[in-house]
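Reading through the structure tokens given below for one structure.
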2 protein chains.
Amino acid sequence: MTEVNELSNEHSPGARPTLAAVARRAGVSNSTASLAFGTAGPVSDATRERVLTAARELNYAGPDPRARSLRRGRSGIVGVVVEERVRDAFRDPIKLAVMDGLSEAIASLDAGLLLLADTGAASAHIEDASMDAAVLIGCSPRLNESVAAIRRRGIPLVAIEGEPADGVLVFSLDNRSATRVAAEHLRALGHERVAIVSLPLDRGRRHAMLTPELEAAGTSNTALERLAGARDVFPDAIGFVTTGSFVEEGTIAARALLADPETRPTAIIAQSDLLAAGVIRAAEDLGIAVPAELSVVGFDGVRVDGLWPYDLTTLAQPAVEKGRAAGRAIVEMLAGGHPDPLAFTSEFHLGNTTAHPPSIPG
Amino acid sequence: MTEVNELSNEHSPGARPTLAAVARRAGVSNSTASLAFGTAGPVSDATRERVLTAARELNYAGPDPRARSLRRGRSGIVGVVVEERVRDAFRDPIKLAVMDGLSEAIASLDAGLLLLADTGAASAHIEDASMDAAVLIGCSPRLNESVAAIRRRGIPLVAIEGEPADGVLVFSLDNRSATRVAAEHLRALGHERVAIVSLPLDRGRRHAMLTPELEAAGTSNTALERLAGARDVFPDAIGFVTTGSFVEEGTIAARALLADPETRPTAIIAQSDLLAAGVIRAAEDLGIAVPAELSVVGFDGVRVDGLWPYDLTTLAQPAVEKGRAAGRAIVEMLAGGHPDPLAFTSEFHLGNTTAHPPSIPG
DNA sequence: AGCCTGTATCGAATCGATTCGATGTGTTTC
DNA sequence: GAAACACATCGAATCGATTCGATACAGGCT
């Protein structure tokens with residue numbers, strides 16, 4: 001019966017051959033065949049050749065990654081968790097830059113990047129995808145049960161931004177103090193009526209005027225910190241919450257904030273450069289001159305195509321470097337090390353989109 | 001001794017608990033514990049509760065994905081292979097749109113997307129990543145050994161564009177005939193000196209003037225087909241090969257093509273909208289009026305931020321729909337079906353970037 | 001009472017490879 | 001010529017779960 005099974009395994013066209021089948025055909029043991037596929041093991045060249053030939057003849061595709069990863073305890077996969085649909089995540093140049101640095105730093109692991117959308121609902125994948133480590137990009141490492149599940153799994157877990165949490169290595173940015181610098185710049189220029197265009201505060205993702213309730217219910221560390229930085233200087237600034245860092249969202253926000261000529265702000269603090277670009281576009285449409293009638297500052301320091309001739313006043317953050325640091329940390333943790341968290345700082349860039357507020361005639 | 005091991009497994013802080021440990025603690029068999037984690041199985045509510053409680057007490061994170069995927073033969077991962085560095089892939093709005101449709105269509109699989117860069121060199125991941133299916137986006141399904149390895153693995157394999165190959169389900173686009181339509185449009189307007197700005201022809205990725213040698217050595221189906229479509233109408237068109245679909249690359253190409261005022265083309269066929277945007281930008285810089293002095297057509301039909309006031313004449317392709325079709329095909333193949341390949345067509349969009357060529361005085 | 005049905009649970013085989021310790025063979029060294 | 005050694009190869013245990021067929025038991029039926 002064993003014989004029959006062996007034959008059927010080797011000959012039935014549907015079933016993929018296994019390493020055992022290859023070994024049998026090459027006339028070596030299971031273990032030797034396995035060794036032959038590695039590069040290191042003590043195998044004679046002749047034997048290795050024989051095994052590889054047998055593999056070729058059987059059309060064997062190499063050791064099954066599933067079995068290999070069970071036995072080895074490593075799967076060669078690093079999970080990247082984003083708190084939105086995958087499609088939206090990749091419209092954000094900052095996230096792309098982070099992934100860029102990340103993939104560069106983990107290149108030595110020879111691992112693939114598994115995209116996981118932590119949209120709250122279908123978080124099935126994220127809890128039972130096999131990965132060797134996970135990176136949270138712009139998600140809250142606390143509060144979240146998927147994240148808790150990953151942590152329980154005991155794999156290295158790093159977060160780009162987001163407040164510190166147990167067992168999560170956080171790479172943070174000076175969101176609050178950097179925004180404060182920008183706000184102080186505006187105040188020094190003489191601005192008093194300032195409005196804020198905010199990134200989403202939670203996963204709700206509707207746009208709305210900023211209210212204390214929304215603010216209190218917020219979970220997005222990045223948005224809240226930048227908000228706090230602005231509030232440090234302009235405690236009463238009004239604001240508008242967008243659904244994401246997109247140019248169109250900035251336009252929508254600016255339309256709402258600039259609607260009433262009486263109460264119109266003289267400056268807008270946008271929480272991202274894309275939002276700022278949208279604000280400027282809206283101002284153009286409304287015939288409001290930037291920076292003469294409206295000053296605009298952004299955040300991120302990404303080059304926005306088509307913003308010319310404007311050179312946005314903004315806070316340049318080292319996004320690629322953040323990703324790289326996270327990647328390096330993962331490599332170190334997988335090697336058994338215990339790297340330290342790191343805080344990154346943004347640099348104020350003075351462009352030509354900020355100026356003194358217009359002097360208002362009596 | 002067995003006893004000792006069991007104890008050490010349950011108590012040593014480093015080792016993660018296994019399902020067996022949970023079962024033992026709950027006083028049920030291994031198999032019952034497994035059943036308790038599924039939703040379907042015939043388990044009494046009381047037992048399930050007991051198992052889940054034991055799991056909680058042991059801080060068990062749920063069945064190990066590696067073991068599960070070995071046993072089940074499914075890993076819940078769909079590989080996405082792109083022929084460039086991951087960072088570059090995501091700068092291309094068409095690839096993003098494809099991924100978008102893809103992730104939408106495979107949502108029912110509850111699978112994650114594994115990014116794999118087929119850069120020729122470090123193709124280690126792509127050959128031994130565990131995945132249930134693979135999608136090639138803009139890679140040649142022939143010629144490539146990594147792809148051959150995937151095929152040998154016997155998993156569903158679909159390709160977005162690229163010439164047909166055995167065992168690969170291809171979703172194609174009418175690259176050639178669509179480009180021909182654009183070229184005919186230019187000829188109808190009276191253009192005779194036309195230049196082409198081409199996507200990369202192979203993985204070499206250097207920019208250079210287009211030569212017959214480069215063309216003959218090309219492996220990128222998409223670029224070659226679009227080239228052929230242009231050549232159907234303007235057999236002698238000169239061209240410039242870029243390193244990718246980026247605005248800057250279009251600018252570089254246009255600078256090269258527009259350098260000599262004597263031989264300057266009156267129209268440029270760009271193989272992507274981003275390239276076309278770069279061409280227009282270069283023309284602006286050089287003081288060449290579009291469309292009065294230079295007509296420009298693109299390909300893709302993506303909205304390029306900052307191209308305003310231009311409305312690019314282009315070929316709009318159903319990128320999201322291509323991704324969706326690929327995703328649906330994968331779902332069907334994993335269910336044992338044999339879906340048919342599909343050919344998509346692009347739609348000519350007449351914008352304001354094409355016009356009659358300037359009448360050349362005496 | 002005897003028989004049958006259905007359900008909850010269990011045992012054991014299985015998925016496909018890796019790896020450790022053991023074995024056997026061939027070569028060097030004194 | 002025997003002891004020591006290096007090296008290739010092999011057997012068997014192992015990774016951690018899933019699943020199929022068997023079992024036991026409770027209740028319903030005639």
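Chain naming here is simple, since letters A, B, ... match the order of the sequence lines and numbering starts at 1 in each. All of these numbers come straight from a predicted model, not from anything done at the bench.
- For Ser220(A), there are no side-chain hydrogen bond (donor to acceptor under 3.5 Å, both in side chains) partners at least two apart in sequence or on another chain.
- Between Tyr60(A) and the phosphate of dA17(C), there is a side-chain N or O to OP1/OP2 separation shorter than 4.0 Å.
- Each end of the helix from dA1(C)-dT30(D) to dC30(C)-dG1(D) yields a helix axis from five base pairs, and these two axes differ in direction by 40° (to the nearest 10 degrees).
- Scored by the side-chain hydrogen bond (donor to acceptor under 3.5 Å, both in side chains) test, Thr47(B) finds Ser44(B) as partners (sequence neighbours excluded).
- Arg71(B) places its CZ atom 9 Å from the P atom of dT14(C), with the value rounded to the nearest Å.
- For Arg68(B) and dT18(D), a side-chain-to-base donor-acceptor distance below 3.5 Å is absent, hydrogens and geometry of angles not being considered.
- Atom-to-atom, CD of Glu49(B) to P of dA8(C) comes out at 16 Å; the value is rounded to the nearest Å.
- Side-chain polar atoms of Thr32(A) and Ser29(A) form a donor-acceptor pair below 3.5 angstrom.
- As a whole-Å value, the separation of Leu70(B) CG from dA17(D) P is 12 Å.
- Pairs engaging residues 43-55 of chain A under the salt bridge (charged side-chain N to carboxylate O under 4.0 Å, His left out) rule: Glu49(A)-Arg56(A) [sequence neighbours left out].
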Could you run down the sub-3.5 Å N/O contacts of the protein with nucleotides 22-28 of chain C?
none

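- Arg324(B) contributes no side-chain N or O that, together with a main-chain N or O of Ser103(B), makes up a donor-acceptor pair within less than 3.5 Å.
- Residues passing the salt bridge (charged side-chain N to carboxylate O under 4.0 Å, His left out) test with Glu84(B), sequence neighbours excluded: Lys95(B), Arg205(B).
- At a threshold of 4.0 Å, the pair Glu104(B)-Arg328(B) does not count as salt-bridged, since none of the basic side-chain nitrogens sits closer than that to a carboxylate oxygen.
- Nucleic acid contact class of Thr18(A) (heavy atoms, under 4.0 Å, all strands): sugar-phosphate only.
- Among residue pairs with one or both ends in residues 61-77 of chain B, those qualifying as side chain to side chain donor-acceptor pair (under 3.5 Å) are Ser75(B)-Asp132(B); sequence neighbours excluded.
- A straight line from CG of Asp64(B) to C1' of dC15(C) spans 14 Å, rounded to a whole angstrom.
- Counting only residues at least two apart or in different chains, ring pair (Phe, Tyr, Trp, His ring centres under 6.0 Å) contacts with residues 23-81 of chain B comprise Phe37(B)-Tyr60(B).
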Return the polar atom pairs (N/O with N/O) between nucleotides 5-10 of chain D and the protein under 3.5 Å, or none.
| from | atom 1 | to | atom 2 | distance (Å) |
| --- | --- | --- | --- | --- |
| dT9(D) | OP1 | Ser44(A) | OG | 3.2 |
| dT9(D) | OP1 | Thr47(A) | OG1 | 2.1 |
| dT9(D) | OP2 | Ser44(A) | N | 3.0 |
| dT9(D) | OP2 | Ser44(A) | OG | 3.4 |
| dT9(D) | OP2 | Thr47(A) | OG1 | 3.0 |
| dC10(D) | OP2 | Ser29(A) | N | 2.7 |
| dC10(D) | OP2 | Ser29(A) | OG | 3.4 |
| dC10(D) | OP2 | Thr32(A) | OG1 | 2.8 |

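- Rounded to an integer number of Å, the gap from Asp128(A) CG to dG16(D) P is 17 Å.
- Taking atom CZ on Arg16(A) and atom C1' on dC15(C), their separation rounds to 16 Å, with Å as the unit.
- Between Arg66(A) and Arg72(A), the residue whose closest nucleotide on DNA chain C is further toward the 5' end is Arg66(A).
- The side chain of Ser34(B) sits closest to dT18(D) out of dT18(C), dG16(D), dT18(D).
- For Asp88(B), the salt bridge (charged side-chain N to carboxylate O under 4.0 Å, His left out) partners two or more places apart in sequence, or in a different chain, are Arg85(B).
- For Glu332(B), there are no side-chain hydrogen bond (donor to acceptor under 3.5 Å, both in side chains) partners two or more places apart in sequence or in a different chain.
- Between Arg74(B) atom CZ and dT19(D) atom P the separation is 12 Å, expressed in whole Å.
- Rounded to whole Å, atom P of dG16(D) lies 15 Å from atom CZ of Phe37(B).
- Residues that satisfy the side-chain hydrogen bond (donor to acceptor under 3.5 Å, both in side chains) test with Glu161(A), not counting sequence neighbours, are Asn175(A), Thr222(A), Lys322(A).
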